[in-house]
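Here's the structure we're looking at; comments come further down.
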Amino acid sequence: MRLGRDFFARDTRTVAREVLGKYLVRILDGIPLAVRLTETEAYIGRLDKACHAYHNRRTQRTETLFAPPGTAYIYLIYGMHHCLNFVTEAEGEPSAVLIRGGEARSGLPILCRNRFRREWADLSAYQRKQFLNGPGKLCQALGLTRAENGCSLLGETLFLCDDLADLGLETPPEDRTPPVIHTGRRIGIDYAEEAAFFPWRYFY
DNA sequence: CTTCAGATGCTCT
DNA sequence: GAGCATCTGAAGA
């Protein structure tokens, strides 16, 4: 079953927690790419110095955070990588869930070529183990860039779902037991003072 | 396994 | 002009 707007229109930390284990699907050139989400972070504009839209800060970049829940917020970081977020809360409450990691479930050959311009069989064990364990890696594999900033997550080519039946695939056995979720500090925001210590990173 | 430097360009001041 | 919600490869332990 696909996730609707109501899923995203809730407390950001709840969404960050509950989206773990769900599948992010992108249909690219007719081919379904699917990633099971394993790591997220919550960013809440109202309270959070680490959020780009802290105190409702409105600039060209943060405009997407004011879009309806269920919108993709994608920005360029460090001049060469992209980060994907899901906009959350009621429309106009600038908040989002950063997608930090996942595991490939469909379209592995494409995901792999997007990331390494090589075949899965040619990757080292280290490369396989670290395949999608970072926000930039995930965007690169899925071919998501600023061109997709502001796109709906409720559409026909980019969406989330509960299971892989939507894609005509069987859900693997290891995906059937609910993940045990851990929390921790968010990564790479040491500048954000007390907010750097909020336990708003979720993973399993 | 760990640390570290360097890449690279957009965004806001 | 400064800073950034990162990744990679090389080198060391």
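Any value given below was found using the heavy atoms of this structure, including those in side chains, with hydrogens, waters and symmetry copies removed. Residue numbering restarts at 1 for every chain, and letters A, B, ... go by the order of the sequence lines.
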For residues 6-40 of chain A, which residue pairs qualify under ring pair (Phe, Tyr, Trp, His ring centres under 6.0 Å), counting only residues two or more places apart or in two chains?
-> A:Phe8-A:Phe86
May I ask you to decide whether A:Arg186 forms a salt bridge with A:Glu41, counting only side-chain N to carboxylate O separations under 4.0 Å?
-> no
Protein N or O to nucleotides 11-13 of chain B N or O, pairs below 3.5 Å:
residue	atom	partner	partner atom	Å
B:dT11	OP1	A:Arg146	NH1	3.1
B:dC12	OP1	A:Thr59	OG1	2.0
B:dC12	OP1	A:Arg61	N	3.3
B:dC12	O3'	A:Arg57	NH2	2.8
B:dT13	OP1	A:Arg57	NH2	2.4

Closest nucleotide of DNA chain C for A:Cys51 versus for A:Lys137: which of these residues is on the 5' side?
-> A:Cys51
Using a cut-off of 4.0 Å on non-hydrogen atoms, how would the nucleic acid contact of A:His82 be classed: base, sugar-phosphate, or nothing?
-> nothing
Any residue of residues 181-191 of chain A with a heavy atom less than 4.0 Å from an atom of DNA chain B = none
Give the C-alpha distance, both sets of side-chain angles, the deciding distance and a yes or no for side-chain contact (heavy atoms from CB on, under 4.5 Å) between A:Arg13 and A:Trp200.
-> CA-CA 7 Å; A:Arg13 288 158 292 189; A:Trp200 289 359; 3.4 Å; yes
Return each pair, listed once, that meets side chain to side chain donor-acceptor pair (under 3.5 Å) where at least one residue sits in residues 80-90 of chain A; pairs must be two or more places apart or across chains.
-> A:Thr12-A:Thr88, A:Thr12-A:Glu89
CD of A:Glu174: more than 12 outside heavy atoms within 6.0 angstrom?
-> yes
Please name all residues satisfying side chain to side chain contact (heavy atoms under 4.5 Å, CB included) with A:Glu156, sequence neighbours left out, ordered by chain then number.
-> A:Arg2
Hey, is the main chain of A:Ile31 close enough, under 3.5 Å, to the side chain of A:Asp29 for a donor-acceptor pair?
-> no
Donor-acceptor contact below 3.5 Å, side chain A:Arg201 vs main chain A:Arg185 | yes
Got a sec, which pairs hit side chain to side chain donor-acceptor pair (under 3.5 Å) with one end in residues 109-123 of chain A, sequence neighbours left out?
-> A:Arg113-A:Glu119, A:Arg115-A:Gln140
What residues form a salt bridge (charged side-chain N to carboxylate O under 4.0 Å, His left out) with A:Glu18, not counting sequence neighbours?
-> A:Arg10
Under 3.5 Å: donor-acceptor pair, side chain of A:Thr62, backbone of A:Leu65 | no
Only pairs at least two apart or in different chains count here, so list each ring pair (Phe, Tyr, Trp, His ring centres under 6.0 Å) that has a residue in residues 134-161 of chain A.
-> none
Expected list for residues 98-109 of chain A: side-chain donor-acceptor pairs under 3.5 angstrom, two or more places apart:
residue	atom	partner	partner atom	Å
A:Arg100	NE	A:Glu39	OE2	3.2
A:Glu103	OE1	A:Arg105	NH2	3.0
A:Arg105	NE	A:Asp175	OD1	3.4
A:Arg105	NE	A:Asp175	OD2	2.8
A:Arg105	NH2	A:Asp175	OD1	2.9
A:Ser106	OG	A:Pro32	O	2.8

According to a 3.5 Å limit on both distances, what stems of 3 or more consecutive Watson-Crick or G-U pairs are formed with DNA chain B?
-> B:1-7 with C:6-12, B:9-12 with C:1-4
Map A:Arg115 and A:Asn85 onto DNA chain C by nearest heavy atom, then report which one ends up closer to the 5' terminus.
-> A:Asn85
Only one of A:Tyr75, A:Phe66, A:Tyr43 clears ring-ring contact (aromatic ring centres under 6.0 Å, His included) with A:His52; which?
-> A:Tyr75
Which residues within residues 94-107 of chain A lie with some heavy atom under 4.0 Å of an atom in DNA chain C?
-> A:Leu98, A:Arg100
Extract, from 5' to 3' on DNA chain C, the first and final nucleotides lying under 4.0 angstrom from some heavy atom of chain A.
-> C:dC4 to C:dT8
A:Glu170 atom CD, neighbour heavy-atom count above 12 within 6.0 Å | no
